[in-house]
6 protein chains.
Amino acid sequence: MYNKLLVDLIQRALEEDGAYADITTISTVPEEQWSAGHMITRHAGVIAGLNFALEAFRVFDERIHIEQLIKDGSYVQAGTELVYLKGPSRSLLSAERVALNFLGRLSGIATLTNQCVRVLEGKQTRILDTRKTTPGLRELEKMAVRLGGGQNHRFGLSDGVLIKDNHIKAAGGVAQAVTAARQVAPHLMKIEIECETLAEVQVALDAGADAILLDNMDIPAMSHAVEVIHQRDPKVLTEASGNIGTNAEKLVAVAETGVNFISLGALTHSAPNFDISLEFTREA
Amino acid sequence: MYNKLLVDLIQRALEEDGAYADITTISTVPEEQWSAGHMITRHAGVIAGLNFALEAFRVFDERIHIEQLIKDGSYVQAGTELVYLKGPSRSLLSAERVALNFLGRLSGIATLTNQCVRVLEGKQTRILDTRKTTPGLRELEKMAVRLGGGQNHRFGLSDGVLIKDNHIKAAGGVAQAVTAARQVAPHLMKIEIECETLAEVQVALDAGADAILLDNMDIPAMSHAVEVIHQRDPKVLTEASGNIGTNAEKLVAVAETGVNFISLGALTHSAPNFDISLEFTREA
Amino acid sequence: MYNKLLVDLIQRALEEDGAYADITTISTVPEEQWSAGHMITRHAGVIAGLNFALEAFRVFDERIHIEQLIKDGSYVQAGTELVYLKGPSRSLLSAERVALNFLGRLSGIATLTNQCVRVLEGKQTRILDTRKTTPGLRELEKMAVRLGGGQNHRFGLSDGVLIKDNHIKAAGGVAQAVTAARQVAPHLMKIEIECETLAEVQVALDAGADAILLDNMDIPAMSHAVEVIHQRDPKVLTEASGNIGTNAEKLVAVAETGVNFISLGALTHSAPNFDISLEFTREA
Amino acid sequence: MYNKLLVDLIQRALEEDGAYADITTISTVPEEQWSAGHMITRHAGVIAGLNFALEAFRVFDERIHIEQLIKDGSYVQAGTELVYLKGPSRSLLSAERVALNFLGRLSGIATLTNQCVRVLEGKQTRILDTRKTTPGLRELEKMAVRLGGGQNHRFGLSDGVLIKDNHIKAAGGVAQAVTAARQVAPHLMKIEIECETLAEVQVALDAGADAILLDNMDIPAMSHAVEVIHQRDPKVLTEASGNIGTNAEKLVAVAETGVNFISLGALTHSAPNFDISLEFTREA
Amino acid sequence: MYNKLLVDLIQRALEEDGAYADITTISTVPEEQWSAGHMITRHAGVIAGLNFALEAFRVFDERIHIEQLIKDGSYVQAGTELVYLKGPSRSLLSAERVALNFLGRLSGIATLTNQCVRVLEGKQTRILDTRKTTPGLRELEKMAVRLGGGQNHRFGLSDGVLIKDNHIKAAGGVAQAVTAARQVAPHLMKIEIECETLAEVQVALDAGADAILLDNMDIPAMSHAVEVIHQRDPKVLTEASGNIGTNAEKLVAVAETGVNFISLGALTHSAPNFDISLEFTREA
Amino acid sequence: MYNKLLVDLIQRALEEDGAYADITTISTVPEEQWSAGHMITRHAGVIAGLNFALEAFRVFDERIHIEQLIKDGSYVQAGTELVYLKGPSRSLLSAERVALNFLGRLSGIATLTNQCVRVLEGKQTRILDTRKTTPGLRELEKMAVRLGGGQNHRFGLSDGVLIKDNHIKAAGGVAQAVTAARQVAPHLMKIEIECETLAEVQVALDAGADAILLDNMDIPAMSHAVEVIHQRDPKVLTEASGNIGTNAEKLVAVAETGVNFISLGALTHSAPNFDISLEFTREA
């Protein structure tokens with residue numbers, strides 16, 4: 001049930017890696033040999049993309065038998081066996097790197113997201129991702145954020161309205177921008193607008209914005225803005241953004257302003273790889 | 001002169017981001033308005049992928065005028081203007097994120113590579129990348145490594161022979177594996193083999209290996225192995241690999257064993273994003 | 001600035017029509033002959049898709065000179081010249097049908113939409129489209145609806161929440177469904193739910209629905225429901241749906257209930273073709 | 001056995017509809033719930049495209065069990081159950097609209113064609129389609145015409161010769177056009193030419209045309225032309241064309257001239273949608 | 001005006017050849033160096049595919065200036081300069097092989113076709129190709145046949161009716177097969193049927209076949225069959241087929257039976273390469 | 001385990017041949033009829049591409065049962081049955097030509113290669129292919145060469161370094177070219193350089209070339225060059241190239257110079273088709 005774009009991504013990755021002409025494997029591994037493979041974590045963290053990454057083996061050779069031992073989104077310790085594979089040794093070796101490359105990146109994102117989410121445990125504030133994702137992998141990376149406990153911001157420019165400073169300038173002001181967006185956007189979309197000052201916040205509220213992004217404010221200013229907004233209309237949502245990063249103390253301080261959401265580009269653009277290995281045993 | 005796969009990557013990224021139906025921009029920015037844009041670094045580092053990232057603007061709207069102020073591969077300070085853009089405001093706003101997402105990732109890789117390369121300045125040892133790249137972006141990420149001063153290992157499984165432990169087991173030993181690979185591989189390919197012990201190294205040399213990957217050896221063992229190899233035949237190349245990481249001290253220690261190459265997965269799988277912004281000024 | 005999927009659509013249409021191997025034209029029309037072509041309406045109505053349809057000529061032969069005399073979205077009388085073309089006679093003849101097939105369908109949709117919109121002139125109620133579009137042409141058909149003066153409902157299943165009867169049953173009730181959707185949907189999406197009775201409407205309001213689709217209600221029931229909803233919260237949007245059709249009297253009666261929107265599948269699935277011809281004159 | 005272009009069409013339609021990220025369904029319907037679905041007609045008419053439309057369910061989720069109760073091309077009454085489906089509720093809901101969009105359009109075409117064919121029952125004249133089809137759907141729409149009892153004209157410009165007025169002008173006359181086409185066209189293709197007057201008909205016969213399209217002639221002129229042609233050579237085929245429409249009386253009048261074929265653009269460009277619903281029952 | 005499938009073919013060929021990562025050229029040829037290239041024949045023959053092959057240079061680098069000195073379809077002597085190229089040396093070197101691979105194959109086909117056509121000069125019999133073409137290149141190879149003076153048989157299975165022995169068996173006889181085909185085929189298609197005996201020929205004529213393929217008959221039998229057919233109806237076309245080959249004496253003998261066409265698989269499946277070289281001179 | 005590009009090739013070939021709309025077969029062969037098919041050679045030779053060609057039947061109709069009686073790479077006599085097929089008669093007939101077109105070309109290449117290889121039996125010299133392959137079929141044609149007993153040269157420009165005369169001129173000489181290539185090429189690639197004189201050979205050896213291509217040398221010059229090279233360093237490989245052709249005497253003469261490899265463009269660009277037929281028997 002993955003869409004064609006995602007299955008194509010695996011195909012392209014296998015072709016990019018030369019997996020269909022793996023000279024080393026073809027020359028050194030007998031065609032008829034079968035092996036078992038054990039996919040094992042080297043860190044603790046949240047596994048993401050396992051269902052998807054295993055498609056690399058299915059797409060490459062349908063004879064590979066796959067036993068998935070852990071569900072996507074699980075938090076696991078280092079040394080956990082995630083998957084047991086059995087199949088032609090050549091196919092396991094040739095498809096391995098593509099599967100691990102997907103899995104390492106996505107689990108890295110889920111793990112980093114999860115660290116941020118845990119920091120805010122017990123608080124109302126939720127962690128959001130951004131559009132700062134790897135080109136071609138957005139759907140997967142946003143899935144990894146969800147599996148790590150984060151929530152997705154809009155998918156792209158066509159499915160949500162987020163008015164930024166350049167839009168405000170172009171429209172001639174905060175009020176004009178909100179009104180213009182309301183007229184054109186489908187009736188099921190809320191209107192969010194970026195504000196840098198309390199004055200802008202108040203104009204935005206007057207214009208009927210559904211959500212306000214507080215950009216690059218310091219903590220006291222943000223606290224005050226959140227209070228003003230929620231007093232005026234508790235349904236109006238608030239989002240903190242702008243180089244907040246994944247530092248725990250900073251996250252807590254921002255969350256304590258009472259904002260509904262903190263959005264973090266780092267979740268997807270700077271998550272370190274999550275290390276997983278595939279260990280082989282030859283079949284009798 | 002980018003190939004179709006790469007241009008398609010930009011197309012897919014623009015579609016993935018909903019850039020052709022950017023509701024916020026369409027509703028708030030007048031169709032006839034033009035702006036100028038200044039792409040400016042927020043860190044110091046090596047710029048990579050600039051030529052390519054700018055294709056996002058060209059592909060999206062050919063009316064955008066682009067002046068590239070810095071060449072790919074340049075080391076720049078924070079606050080450097082990389083590009084001056086002029087064009088329809090809507091198109092600049094809608095294509096911006098895709099361009100920056102490519103540029104941030106690739107410059108991140110080039111900058112991390114460059115840090116490692118500088119650590120080894122004056123030494124013979126060169127930094128190599130691996131196949132641990134983002135699926136779909138290998139060509140670009142390997143280019144970023146080169147721009148950072150690193151050297152590329154093989155592109156994929158079809159254009160180089162690298163015999164690993166599982167291949168050795170499958171072939172029945174180091175000597176058998178080297179011989180088997182020699183018979184099948186095109187005559188222009190060298191044969192590299194992974195060795196974990198000195199004994200394996202010696203068998204590999206006897207079998208006529210062209211290059212030896214020293215995997216997960218400690219520094220003294222590696223030193224000794226390098227010495228043995230280069231005494232036997234100075235043309236045989238040596239590569240250190242296995243969780244070496246980007247720590248400067250570790251890199252220096254490994255390099256001082258005399259190995260020809262150190263390969264680092266972290267260059268491509270764990271490089272943090274390089275932050276670049278696009279600032280607009282409305283045209284008169 | 002059309003995305004690749006749309007340009008591909010034109011390419012596929014030209015190939016589907018055998019335009020690159022038009023035997024009749026190749027055998028009867030001299031290669032060097034040039035003609036002028038005049039695209040002329042045979043009905044009155046709203047023109048939609050003109051920019052796009054003309055791409056068929058551009059894609060087929062870039063030597064064709066195109067003068068677009070009427071803007072997309074214009075209401076024109078029968079006999080109006082829309083476009084003046086000049087180019088190699090062979091290319092004009094071979095690409096003609098594809099251009100007219102797009103233009104006839106899209107202008108048919110815009111014209112039907114416009115008839116409905118005019119019926120409601122002076123009223124608050126707006127005309128919406130649905131997802132009942134031609135597979136592969138949704139983006140174009142929704143554009144035609146906008147050009148005819150209608151407003152777009154959500155583009156697809158991924159960019160809006162519309163809870164229908166089967167979802168309600170599956171979730172265990174109206175309240176449960178609204179709550180479940182709120183937890184998962186991105187924060188910028190409103191929640192719309194289909195209700196068939198006043199009781200359901202009240203539960204939906206209690207659960208915090210942002211919009212209510214009144215499905216297959218008769219006029220008095222709908223009137224009452226709209227009144228109840230707007231008294232409770234004037235921000236909650238109302239939509240009438242369910243075999244309303246394009247009959248003017250029916251549309252007026254529904255609009256007079258005070259609903260914000262009427263959605264009509266017929267706009268896109270049953271609009272008759274808008275007839276346009278291309279008349280040639282040979283160039284001196 | 002559908003070709004890749006057609007299967008791709010379904011894939012693209014599912015992606016276009018956002019079926020792989022159906023937020024409403026994902027949030028309100030439990031993953032493990034299964035349902036049964038009954039596809040039921042709301043009108044009487046000829047069903048077309050059923051085999052094909054059901055591919056949408058197969059492509060989306062291979063676990064869906066499909067029982068097709070009615071064959072493509074059947075004439076059915078309103079309220080007929082066409083298909084029984086059983087599968088994961090989420091998948092049935094997410095793929096439903098794409099299947100129905102194909103089925104409604106194609107059955108609409110088959111039903112309209114069938115109405116015209118029945119009008120001419122007992123007469124020799126057959127109903128033909130044209131190239132005025134929806135871009136991308138020609139193969140399917142021409143299949144719908146056949147299922148409704150109509151006959152296909154040429155598929156596109158590359159597989160049949162039909163000389164129209166512009167070709168005649170370009171070639172320098174009817175005789176020259178027929179001769180030129182005969183020299184270039186493959187030997188298995190007949191040559192058809194459009195004539196507007198009896199004089200043209202006679203030149204076309206002299207030149208050896210295999211078929212003559214009588215364009216925009218009134219009934220007496222057409223009658224006379226058909227008589228002249230069939231007296232001269234009963235193997236020469238005759239086709240009536242030009243805004244004939246689907247009115248029964250007009251069709252009968254044209255058929256009574258004795259023409260072999262009537263071609264109708266309306267079959268494919270103006271057929272109203274055929275309404276079919278999918279009703280769900282939850283599985284125990 | 002080449003269709004997307006053909007331009008894609010060039011793109012794929014360039015990618016297949018690794019032209020975008022030509023290590024030898026990148027490492028040895030300075031980026032700023034320009035060269036002139038002269039494409040020169042090494043044999044005499046008919047040039048085919050020149051327009052198309054030159055697309056490889058245009059697609060690869062639009063800065064390459066191309067002067068085509070000879071028209072497609074020309075008969076040239078060995079040593080003739082076909083094209084003068086000027087552009088970046090790297091691009092000329094990297095795209096060269098793809099261009100020559102297309103040109104060599106297509107000119108080989110045109111040259112072999114031309115040899116056969118010349119053998120029959122002054123006779124009525126024409127040379128046809130078959131469907132025995134290189135997968136993916138049919139359109140180009142059939143163009144090469146035309147440029148060599150041959151005539152194309154049907155393009156594929158969908159644009160012509162050719163009833164072979166297996167169809168006859170399946171249909172229950174020659175008469176049944178012709179009748180069945182007539183009922184289903186579009187009215188603009190002729191019906192051709194393969195006959196191996198005179199008895200079959202007579203049944204085919206009775207059933208109204210438009211063309212008869214005389215398969216594997218010896219010369220006297222073929223002579224007799226042709227005479228019988230043309231006496232019965234001079235409009236019925238005759239084709240000789242079945243391992244006739246490109247031997248001149250055999251071709252003449254077959255032509256002297258009076259058949260209208262001889263079809264030859266060898267034209268496309270066994271034509272030897274036509275040798276063309278690209279010679280460089282460095283630009284001042 | 002064929003990659004997507006190759007499976008796409010089969011899809012495109014079936015669509016190119018109109019196999020999904022085979023009018024003759026649809027009209028004359030009953031839908032429910034099944035047949036058996038026997039694929040039989042008409043020549044002796046080496047079979048190549050059988051696994052692949054049979055994909056055409058699998059892709060077209062998965063109900064076709066396939067029994068492969070001969071392995072790819074086998075040398076068979078004329079009249080050998082290669083495959084037994086059983087399935088719907090329509091599908092066997094419609095997919096047949098595509099399968100045979102692949103098989104005929106690839107077996108033709110394997111057979112010609114094999115003839116050359118047998119000529120050199122008992123000698124050290126091995127037969128290499130070149131990049132003179134059919135665009136789009138390189139992977140398959142290089143596989144055919146291997147199955148015929150030949151060895152593959154580099155796959156394309158990105159996976160091997162072969163410095164030719166134009167590169168040497170551009171680099172400023174043999175030594176400069178070798179050095180430049182060594183600096184840029186991945187460490188696992190050998191450097192081969194084309195030499196036309198003994199003087200060039202010596203410079204190349206001094207510069208550390210790993211392999212030397214002796215281009216267009218006469219036999220005595222080549223003998224001398226090989227001797228000089230192998231005396232200097234027996235590891236340096238030698239290749240003869242330049243219009244050598246497939247004549248047995250010439251091949252033997254070249255091999256007797258002691259060169260390691262002879263590369264032959266004719267293997268792939270001028271191999272005649274290998275004739276195979278598919279004979280049907282109707283199923284009871």
Side-chain angles (χ1 to χ4, degrees), chain A residues 5 9-10 12-13 16-30 33 35 89 93-94 97-98 101-102 104-105 131-138 155-164 166-171 177 180-181 183-185 189 265-266 269-270 272-273 280 282, chain B residues 5 9-10 12-13 16-30 33 35 89 93-94 97-98 101-102 104-105 131-138 155-164 166-171 177 180-181 183-185 189 265-266 269-270 272-273 280 282:
Chain A
L5 293 173
L9 195 58
I10 289 177
R12 277 198 308 274
E16 179 188 63
D17 196 29
Y20 294 95
D22 177 352
I23 300 169
T24 314
T25 296
I26 291 168
S27 62
T28 60
V29 180
Q33 189 183 299
S35 297
S89 310
L93 283 161
S94 295
R97 177 59 27 226
V98 167
N101 282 352
F102 276 114
R105 172 169 303 275
R131 288 168 42 243
K132 296 181 177 176
T133 58
T134 309
L137 303 187
R138 186 167 292 172
F155 189 83
L157 297 167
S158 64
D159 67 325
V161 175
L162 178 42
I163 302 168
K164 299 199 175 171
N166 291 304
H167 301 108
I168 294 171
K169 276 185 234 157
Q183 278 169 347
V184 170
M189 284 190 190
H269 71 42
S270 295
N273 187 61
F280 286 89
R282 206 196 296 182
Chain B
L5 292 173
L9 194 59
I10 289 178
R12 278 199 308 273
E16 178 188 65
D17 196 29
Y20 293 95
D22 177 352
I23 300 168
T24 313
T25 296
I26 291 167
S27 62
T28 61
V29 180
Q33 189 182 300
S35 296
S89 310
L93 283 161
S94 296
R97 177 57 28 226
V98 167
N101 283 351
F102 276 115
R105 172 169 304 274
R131 286 167 44 241
K132 297 182 178 177
T133 58
T134 309
L137 304 187
R138 185 167 294 171
F155 190 84
L157 297 166
S158 64
D159 67 326
V161 175
L162 177 43
I163 303 169
K164 298 199 175 169
N166 292 303
H167 301 108
I168 294 171
K169 278 185 234 157
Q183 277 169 346
V184 170
M189 284 190 190
H269 71 43
S270 295
N273 187 61
F280 287 89
R282 206 197 293 182

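Atoms considered below: every heavy atom in the structure, side chains included; atoms not considered: hydrogens, waters and symmetry mates. Throughout, a chain's letter reflects where its sequence line sits, starting with A, and its residues are numbered from 1.
- Inter-residue side-chain proximity for B/Lys132 and A/Asn273 is flagged as unmet; no heavy-atom pair is nearer than 4.5 Å.
- For A/Ser89, the side-chain contact (heavy atoms from CB on, under 4.5 Å) partners at least two apart in sequence or on another chain are A/Val29, A/Gln33, A/Ser35.
- Ranked by heavy-atom pairs under 4.5 Å with chain B, the list A/Thr133, A/Asp17, A/Val161, A/Leu162 is led by A/Asp17.
- Using a 4.5 Å cut-off between heavy atoms, B/Leu137 contacts chain A through both its backbone and its side chain.
- Per-residue counts of heavy-atom pairs under 4.5 Å with chain B were compared for A/Ile163, A/Asn101, A/Val184, A/Ile26; the largest is that of A/Asn101.
- Residues B/Leu93 and A/Lys164 have side chains not in contact (no heavy-atom distance under 4.5 Å, counting atoms from C-beta outward).
- B/Arg12 touches chain A through its side chain: at least one heavy atom from C-beta onward sits under 4.5 Å away, while N, CA, C and O do not.
- Note that the OG1 atom of B/Thr24 and the CG atom of A/Asn166 stand 12.0 Å from one another [nearest 0.5 Å].
- Heavy-atom pairs under 4.5 Å with chain B peak, among A/Ser94, A/Pro272, A/Ala170, at A/Ala170.
- When the candidates B/Gly136, B/Ala171, B/Pro135, B/Gly156 are compared by the number of heavy-atom contacts under 4.5 Å with chain A, B/Pro135 comes out ahead.
- Of the atoms belonging to B/Arg105, it is side-chain heavy atoms, and not backbone ones, that fall under 4.5 Å from chain A.
- For B/His269, there are no side chain to side chain donor-acceptor pair (under 3.5 Å) partners at least two apart in sequence or on another chain.
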side-chain contact (heavy atoms from CB on, under 4.5 Å) between A/Glu16 and A/Val98, intermediate numbers included: CA-CA 9 Å; A/Glu16 179 188 63; A/Val98 167; over 6 Å; no
